[in-house]
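As structure tokens, the structure follows; a few thoughts come after it.
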Amino acid sequence: YNQSNVNNYYNPAEQSKNITSSSVNYTQRFPESPWSISVNALVSQRSQDSTISLTLPNLTVNMSRVYPFKRKNPVGKERFYEKIALSYNMTFANSITCKESQFLTSNFAKDWKNAINHKLPITASFTLFKYLSITPSFTFQDRMYFTKVNRSWDKQLQQEVLDTVSGFYNVYDFSAGITMQTKLYGYYTPIRKLFGDKVDRIRHVMTPSISFNYHPDWGDKMWHFYESYDKVLVDKDNADKIRHETVVYSPYSGGMYGVPGRGMQAALNWSLSNNVEMK
């Protein structure tokens with residue numbers, strides 16, 4: 001197309017363009033429903049070496065926030081469980097990056113990258129002792145991969161060896177947290193001799209907040225998300241001089257949606273905000 005396009009041939013800006021891309025998107029929203037679906041396809045090509053990057057399809061399913069425990073015909077006060085809200089997001093992606101000449105001969109299992117990602121955040125909001133607002137939260141994420149890469153060390157070649165294994169692998173993580181806050185109000189009526197009738201009242205609002213967030217150590221062996229191997233380094237000048245190193249890696253680190261991080265988190269945060277208003 002570029003070779004036979006007359007406008008392109010005489011246009012220096014088009015001649016020097018290195019990457020061309022295009023996309024198509026379709027979105028369906030369902031009336032009176034929290035669900036929506038979006039499908040798109042993306043393609044880009046680098047003219048310098050004919051490398052093509054294609055994502056087909058990229059599917060997203062969304063459910064907006066809902067309150068699953070709310071009564072249809074409520075009687076009396078709202079129950080605490082009726083304040084629990086959840087939403088949902090699912091993404092499926094299928095992509096490949098290769099030379100244009102290799103695209104039609106590519107192997108779907110080996111050359112294409114694909115994965116499914118689920119996210120489920122759950123929140124709620126409660127009032128304790130009339131003045132204390134409590135907001136607990138819980139987030140669950142599940143990554144579904146169809147390949148993993150095992151790594152090992154070849155002592156003879158003195159290099160890392162990769163082995164791609166096909167299958168179905170769930171790589172999930174979750175985190176939980178809770179936030180508590182309240183508001184303190186202070187009022188001051190200024191002396192009219194100083195401000196006259198222009199200032200009626202000054203209000204000071206203090207908002208103290210404290211939160212706690214937690215997630216476990218996803219690098220622990222019980223989760224099976226990380227592996228290790230012994231790296232044996234041999235001195236070229238002295239074969240008897242050997243150094244051992246332990247290499248920790250994740251077989252899913254090359255996945256489209258990443259891998260849960262190592263290290264436990266138990267964080268306590270607090271803040272105090274102030275707002276002064278004058279009327």
Side-chain angles (χ1 to χ4, degrees), residues 23-42 55-95 113-128 132-146 168-183 207 209-218 223 225 250 252 255-261 263-271 273:
S23 63
V24 60
N25 182 77
Y26 173 79
T27 300
Q28 174 67 49
R29 295 181 177 86
F30 301 95
E32 300 181 2
S33 170
W35 294 95
S36 64
I37 298 176
S38 177
V39 183
N40 62 63
L42 310 170
T55 299
L56 177 69
N58 194 357
L59 172 66
T60 301
V61 178
N62 273 308
M63 183 187 73
S64 58
R65 181 180 295 180
V66 297
Y67 295 84
F69 305 111
K70 267 198 172 184
R71 294 168 294 174
K72 293 183 178 180
N73 301 307
V75 177
K77 293 183 179 181
E78 187 179 32
R79 306 291 194 271
F80 75 93
Y81 52 82
E82 294 184 89
K83 299 180 180 181
I84 299 175
L86 62 88
S87 57
Y88 172 75
N89 172 268
M90 187 278 285
T91 304
F92 168 74
N94 187 54
S95 65
K113 294 181 65 176
N114 37 61
I116 304 174
N117 187 48
H118 304 270
K119 281 188 177 181
L120 182 66
I122 303 174
T123 60
S125 182
F126 308 105
T127 302
L128 186 63
L132 185 61
S133 176
I134 301 178
T135 307
S137 62
F138 179 84
T139 302
F140 178 80
Q141 181 174 1
D142 183 22
R143 309 162 184 83
M144 295 180 175
Y145 292 139
F146 303 98
F168 181 76
Y169 309 100
N170 272 76
V171 183
Y172 58 87
D173 69 281
F174 58 82
S175 62
I178 185 170
T179 300
M180 294 183 291
Q181 73 172 28
T182 188
K183 289 183 180 295
T207 308
S209 175
I210 185 170
S211 63
F212 177 75
N213 297 283
Y214 169 81
H215 69 70
D217 181 8
W218 301 110
W223 304 108
F225 297 153
S250 173
Y252 316 102
M256 303 182 73
Y257 301 107
V259 66
M264 184 191 74
Q265 175 182 317
L268 183 66
N269 302 287
W270 65 274
S271 65
S273 63

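In this structure, Pro260 and Val171 approach most closely via the heavy-atom pair CD-CG1, 3.4 Å. Of all the heavy atoms in Ser125 and Lys83, the pair that sits closest is O-CD, 2.9 Å. The minimum heavy-atom distance between Phe174 and His215, with the atom names listed, is O-CB, 3.4 Å. Between Tyr214 and Ala266, the shortest heavy-atom contact is CD1-CB, 4.2 Å. When all heavy atoms of Asn213 and Gly177 are compared, the pair lying nearest together is OD1-CA, 3.8 Å. Residues Thr55 and Ser95 approach most closely at OG1-CB, 3.6 Å, considering heavy atoms.
Here the side chains of Leu86 and Leu120 are in contact, with some heavy-atom distance below 4.5 Å. Side-chain contact between Ser137 and Ile122: absent, with no pair of heavy atoms (C-beta onward) separated by less than 4.5 Å. Counting heavy atoms from C-beta outward, Gln181 and Ser271 have side chains that stay 4.5 Å or more apart. Taking the side chain as every heavy atom from C-beta outward, Leu59 and Ile37 approach each other to under 4.5 Å. Side-chain contact between Thr60 and Met90 is absent, with no heavy atoms from C-beta onward closer than 4.5 Å. Counting only heavy atoms from C-beta outward, the side chains of Ser87 and Asn89 never approach each other to under 4.5 Å. When side chains are defined from C-beta on, Pro57 counts as touching Phe92, because their heavy atoms get closer than 4.5 Å. Counting heavy atoms from C-beta on, the side chains of Leu132 and Thr127 never come closer than 4.5 Å.
Distance OG/Ser23 to CG/Leu42: 5.5 Å, rounded to 0.5 Å. In this structure, CG in Asn94 is found 5.0 Å from CG in Asn114, a value given to the nearest 0.5 Å. Distance check: Ile178 CD1 to Ile134 CD1 gives 5.5 Å after rounding to the nearest 0.5 Å. Interatomic distance, OG1 of Thr179 versus CD1 of Ile210, reported as 9.5 Å (0.5 Å rounding).
Relative orientation of the Tyr252 and Tyr145 rings is parallel, given thresholds of 30° and 60° on the angle between their planes. Between Phe146 and Phe168, the angle of the ring planes lies from 30° to 60°, which puts this pair in the tilted group. In this structure, Phe126 and Phe80 have tilted ring planes: the angle between them lies in the 30° to 60° band.
Asn58 places no side-chain N or O within donor-acceptor distance of the main-chain N or O of Ala93, the cut-off being under 3.5 Å. The backbone N or O of Tyr257 lies less than 3.5 Å from a partner atom in the side chain of Arg143, making a donor-acceptor pair. A donor-acceptor pair under 3.5 Å is absent between the side-chain atoms of Thr207 and the main chain of Lys183, judged by distance alone. When atom types are taken as modelled, the side chain of Trp223 and the backbone of Asp217 share a donor-acceptor pair closer than 3.5 angstrom.
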May I have the step-by-step check of side chain to side chain contact (heavy atoms under 4.5 Å, CB included) for Asn170 and Met144, ending in yes or no? CA-CA 5 Å; Asn170 272 76; Met144 295 180 175; 4.0 Å; yes
How far apart are the C-alpha atoms of Val61 and Trp35, what are their side-chain angles, what is the distance that settles it, and do they pass the side chain to side chain contact (heavy atoms under 4.5 Å, CB included) test? CA-CA 7 Å; Val61 178; Trp35 294 95; 3.8 Å; yes
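Judged purely by distance below 3.5 Å, without hydrogens or angles, the side chains of Asn25 and Thr27 pair a donor atom with an acceptor atom. Side-chain polar atoms of Tyr172 and His118 form no donor-acceptor pair below 3.5 angstrom.
The side chain to side chain donor-acceptor pair (under 3.5 Å) analysis of residues 64-75, with sequence neighbours excluded, yields the pairs Arg71-Glu82.
The ring of Phe212 has its center no closer than 6.0 angstrom to the ring center of Trp270.
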